[in-house]
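Note that the numbering runs from 1 along the sequence shown for the chain.
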Amino acid sequence: MKRILFPTDFSDVATNAFVYALELAKIIDAEIIVLHTFQMPIIDYQYFPQNYSQLFDSFELATFEMFKDEIPKLRTLAEKRNLEHINLYHKLMDGALTSNIKDCIVEEKIDFVVMGTAGASGWKEFFIGTNTGDALTSVSVPLLSVPLEAKYKNINNICFTTRYRDKDIKALQSVLQIAKLMKAEVKCLYVQSLTSDVNEEKIETWKKLFADEQVTFFVESSEYIEETIIEFLDFHEIDILAMANYKRSFFVELFTTHLTEKLSYKTEIPILVIQEQA
């Protein structure tokens, strides 16, 4: 059985992402590990020499009680979606979120991570600095980031953006495997600018390589990469945007501050990031 890691702070953002974790678990026959992390406060023991340990014990207890109170709410949500049969396991860990996620992936043999990302500028924040963004560049398994505005519906169309790098082949193969389970079609998008170094021969090679797969290749010529991607998502009614995990600088360039307003009406689309492989 596959395993999905669902890190949560029990916010509305995280709870909304939990719906996607549940539905993904149903599709791929998986169980869910619910992870909540906390960091102990930094206290100068010189000022609290006698009750230093008591302060930490009190903090841990309060965190545990909150964790214990929130878990039934997730189970209730699962019941409302008739998904109470999905196994939920729970982990409460002290430490930094990203490092705990990485540890859990190894220790619990995780196959997917599902997280929430917040706000009208969620896409920009996702790529350039939030906890989800940090996890994005660190994890070794596919990560699905779900904006607060996303409302779960059947996944019919997945867009995979590529620059036709050789490393992208494995990423596309991973997306196709996920798409098969979802019974979804994959639309592979390349935005070709005047400085592009991708030739027609490379594109045809990919088409032959994936000739037997449920994927259609699109090449859009434009100098406005961000706007072209957004228009493509809208026109083709894309449900998930998938991409390989490029270096953070790529995402910063792609989703910059000036684009936030243009992106605001598309922030309901979850983003699936596939860890690039050597």
Side-chain angles (χ1 to χ4, degrees), residues 1-25 28 30-45 48 51-78 83-84 86-119 122 125-148 245 248 270-275:
M1 178 173 285
K2 294 187 179 297
R3 313 195 87 188
I4 296 171
L5 181 64
F6 170 63
T8 180
D9 58 359
F10 301 109
S11 63
D12 290 341
V13 175
T15 301
N16 184 59
F18 182 62
V19 173
Y20 279 80
L22 285 169
E23 295 291 345
L24 179 60
I28 68 174
E31 54 193 14
I32 299 175
I33 310 297
V34 179
L35 170 67
H36 179 63
T37 68
F38 66 96
Q39 289 187 288
M40 299 298 287
I42 299 174
I43 301 174
D44 191 336
Y45 70 91
F48 302 94
N51 62 349
Y52 180 75
S53 61
Q54 293 178 355
L55 287 171
F56 277 98
D57 291 343
S58 176
F59 183 84
E60 283 187 306
L61 179 61
T63 303
F64 174 77
E65 290 296 329
M66 182 272 293
F67 183 72
K68 187 178 66 173
D69 291 342
E70 292 292 338
I71 290 302
K73 298 178 184 178
L74 298 182
R75 295 190 180 276
T76 299
L77 182 56
L83 295 173
E84 63 271 15
I86 293 174
N87 292 329
L88 300 181
Y89 300 95
H90 314 290
K91 288 180 73 75
L92 180 62
M93 298 178 67
D94 175 24
L97 175 63
T98 304
S99 60
N100 284 340
I101 289 175
K102 293 169 69 176
D103 289 343
C104 278
I105 288 172
V106 176
E107 295 169 4
E108 303 292 344
K109 298 180 180 178
I110 297 298
D111 298 285
F112 290 91
V113 177
V114 178
M115 295 180 68
T117 186
E125 293 175 357
F126 171 79
F127 286 116
I128 60 176
T130 62
N131 282 331
T132 313
D134 290 337
L136 163 70
T137 58
S138 303
V139 302
S140 57
V141 297
L143 183 149
L144 181 66
S145 172
V146 182
L148 175 61
N245 179 7
R248 180 69 64 87
I271 299 172
L272 175 66
V273 179
I274 306 296
Q275 176 66 34

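- The closest side-chain heavy-atom distance from S145 to V273 is not below 4.5 Å.
- Nearest heavy-atom pair across L22 and A78 is CD1-CA, 3.8 Å.
- Checked options L97, L35, L5; the residue passing with M115 is L97 (criterion: side-chain contact (heavy atoms from CB on, under 4.5 Å)).
- Checked against salt bridge (charged side-chain N to carboxylate O under 4.0 Å, His left out), E31 has the following partners two or more places apart in sequence or in another chain: R3.
- Every residue was checked against the side chain to side chain donor-acceptor pair (under 3.5 Å) condition with S99, not counting sequence neighbours, and none meets it.
- In this structure the side chain of F112 never reaches within 4.5 angstrom of the side chain of L144, judged on heavy atoms.
- Counting all heavy atoms, side chain and backbone alike, F6 lies closest to A14 at CZ-O, 3.1 Å.
- A 4.5 Å side-chain heavy-atom check between I105 and V113 finds at least one atom pair inside the cut-off.
- The distance from the OG1 atom of T8 to the CD1 atom of I32 is 11.5 Å, given to the nearest 0.5 Å.
- Residues V114 and A17 approach most closely at CG1-O, 3.6 Å, considering heavy atoms.
- Nearest heavy atom pair, residue L272 against residue P142, reads CD1-CB, 4.1 Å.
- Looking at heavy atoms from C-beta onward, C104 lies in side-chain contact with M93 at the 4.5 angstrom threshold.
- Across every non-hydrogen atom of P147 and N16, the tightest pair is O-ND2, 3.0 Å.
- Note: E23 CD to I28 CD1 = 12.0 Å, rounded to the nearest 0.5 Å.
- The CD1 atom of I110 sits 12.0 Å away from the CG atom of L143 when rounded to the nearest 0.5 Å.
- Nearest approach of D111 to K2, heavy atoms of both residues: OD2-CA, 3.2 Å.
- Atom CG in L92 sits 11.5 Å away from atom NE2 in H90 (nearest 0.5 Å).
- Annotation: the span from T37 atom OG1 to D9 atom CG amounts to 8.5 Å, rounded to 0.5 Å.
- Inter-residue side-chain proximity for V34 and K91 is flagged as unmet; no heavy-atom pair is nearer than 4.5 Å.
- Rounded to the nearest 0.5 Å, atoms CG (L74) and CZ (F10) are 6.0 Å apart.
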